[in-house]
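A short write-up of the structure that comes next.
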Amino acid sequence: QVQLVESGGGLVQAGGSLSLSCTASGGTFGDHVISWFRQAPGKEREFVAFVGFSGAGRYYGDSVKGRFTISRDNAKNTVYLQMSGLEAEDTAVYYCAAKGQFTMRDMPDAGAYEYWGQGTQVTVSS
């Protein structure tokens, strides 16, 4: 059983930057891929970014490519999401999610992930 805790959310002006963290406990962190998703009010949960077991494979949703960077530190059981060039449309609750057994088609599918954090609010003011 893996427990995930997000942190780092807050209020930022458009054009600014923010860094989120997702720290895991329980299980073997390096045996899980991690993704970030976000959900704005009235919208479906949206895939944001993915990082593979060792951190080598990274993928991004189209709306954040070139602005967000995902990384992981397995020694610290932590995944990071560095966000820059933030826009009002980035306002959402951001969740990290973990999955053990993995195929590429699972990556953007929120329903495929086994473990979720409680989420952290990011609000971008325009």
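What you see is a predicted model, and the numbers here were worked out from it, not measured in a lab.
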(message) Within the structure provided, determine whether V51 and V79 are in side-chain contact (heavy-atom separation under 4.5 Å).
(response) yes
(message) Between E6 and G119 (side chain of the first, backbone of the second, donor and acceptor by atom type, cut-off under 3.5 Å), is there such a pair?
(response) yes
(request) Please confirm whether R72 makes a cation-pi placement over F29, using NZ or CZ under 6.0 Å from the six-membered ring centre and within 45° of the ring normal. (result) yes
(message) Would F68 and V48 count as a side-chain contact (heavy atoms from CB on, under 4.5 Å) here? Give the steps.
(response) CA-CA 9 Å; F68 290 13; V48 173; 3.7 Å; yes
(message) Has K99 got a side-chain atom pairing as donor or acceptor with A112's backbone, closer than 3.5 angstrom?
(response) yes
(message) Hydrophobic clustering (ILVMFWY, side-chain heavy atoms < 4.5 Å, transitive) - are Y115 and F102 grouped together?
(response) no
(request) Grab the two heavy atoms, one from A24 and one from L4, that are nearest each other, plus how far apart they are. (result) CB-CD2, 3.6 Å
(message) Please report the interatomic distance CH2(W36) to OG1(T120), rounded to the nearest 0.5 Å.
(response) 7.5 Å
(request) Examine V12 and V64 and state if one hydrophobic cluster contains both, with Ile, Leu, Val, Met, Phe, Trp and Tyr joined whenever side-chain heavy atoms are less than 4.5 Å apart. (result) yes
(request) Find out if a path of hydrophobic residues (ILVMFWY) with successive side-chain heavy-atom gaps under 4.5 Å connects Y60 to V122. (result) yes
(message) For a ring pair (Phe, Tyr, Trp, His ring centres under 6.0 Å) check, start with the C-alpha distance between F37 and W116, then their side-chain angles and the critical distance, and finish with the verdict.
(response) CA-CA 10 Å; F37 290 81; W116 289 83; 5.2 Å; yes
(message) Any donor-acceptor pair under 3.5 Å linking the side-chain atoms of T78 with those of T23?
(response) yes
(request) Please answer whether the main-chain N or O of E89 pairs with a side-chain N or O of T91 as donor and acceptor at a distance below 3.5 Å. (result) no
(message) Distance alone, cut at 3.5 Å: any donor-acceptor contact between the side chains of Q82 and S84?
(response) no
(request) Specify the closest pair of heavy atoms between I70 and I34, including all atoms of both residues, with the distance to one decimal. (result) CD1-O, 4.2 Å
(message) Within this structure, what is the SG-OH distance for the pair C96 and Y80, rounded to the nearest 0.5 Å?
(response) 12.5 Å
(message) Using 0.5 Å steps for rounding, measure from the CZ atom of F47 to the CZ atom of R38.
(response) 11.0 Å
(message) I'd like to know if the side chain of Y113 and the backbone of M107 have a donor-acceptor N/O pair within less than 3.5 Å.
(response) yes
(request) Without swapping roles, check the side chain of N77 against the backbone of G26 for a donor-acceptor pair under 3.5 Å. (result) no
(request) State, yes or no, whether a side-chain contact exists between C22 and V5 at a heavy-atom distance under 4.5 Å. (result) no
(message) Just verifying a value: how many Å separate R67 CZ and S17 OG, rounded to the nearest 0.5 Å?
(response) 10.5 Å
(request) Determine, for Y95 and R45, whether the Lys NZ or Arg CZ falls below 6.0 Å from the six-membered ring centre while staying within 45 degrees of the axis. (result) yes
(request) May I ask you to test the V2-H32 pair for a side-chain heavy-atom distance under 4.5 Å? (result) yes
(message) Tell me the closest heavy-atom pair linking Q39 and K43, and the distance in Å.
(response) NE2-O, 3.1 Å
(message) Rounded at 0.5 Å granularity, tell me how far CE in M104 sits from CG in D109.
(response) 13.0 Å
(message) How long is the straight-line distance from OG of S71 back to CG of L81, given to the nearest 0.5 Å?
(response) 8.5 Å
(message) Taking G8's backbone N and O only, do any of them form a donor-acceptor pair with Y94's side chain (distance below 3.5 Å, no angle check)?
(response) no
(message) Between E114 (side chain only) and G100 (backbone N and O only), is there a donor and an acceptor less than 3.5 Å apart?
(response) yes
(request) Could you tell me whether the side chain of L86 reaches within less than 4.5 Å of the side chain of L18, counting heavy atoms only? (result) yes
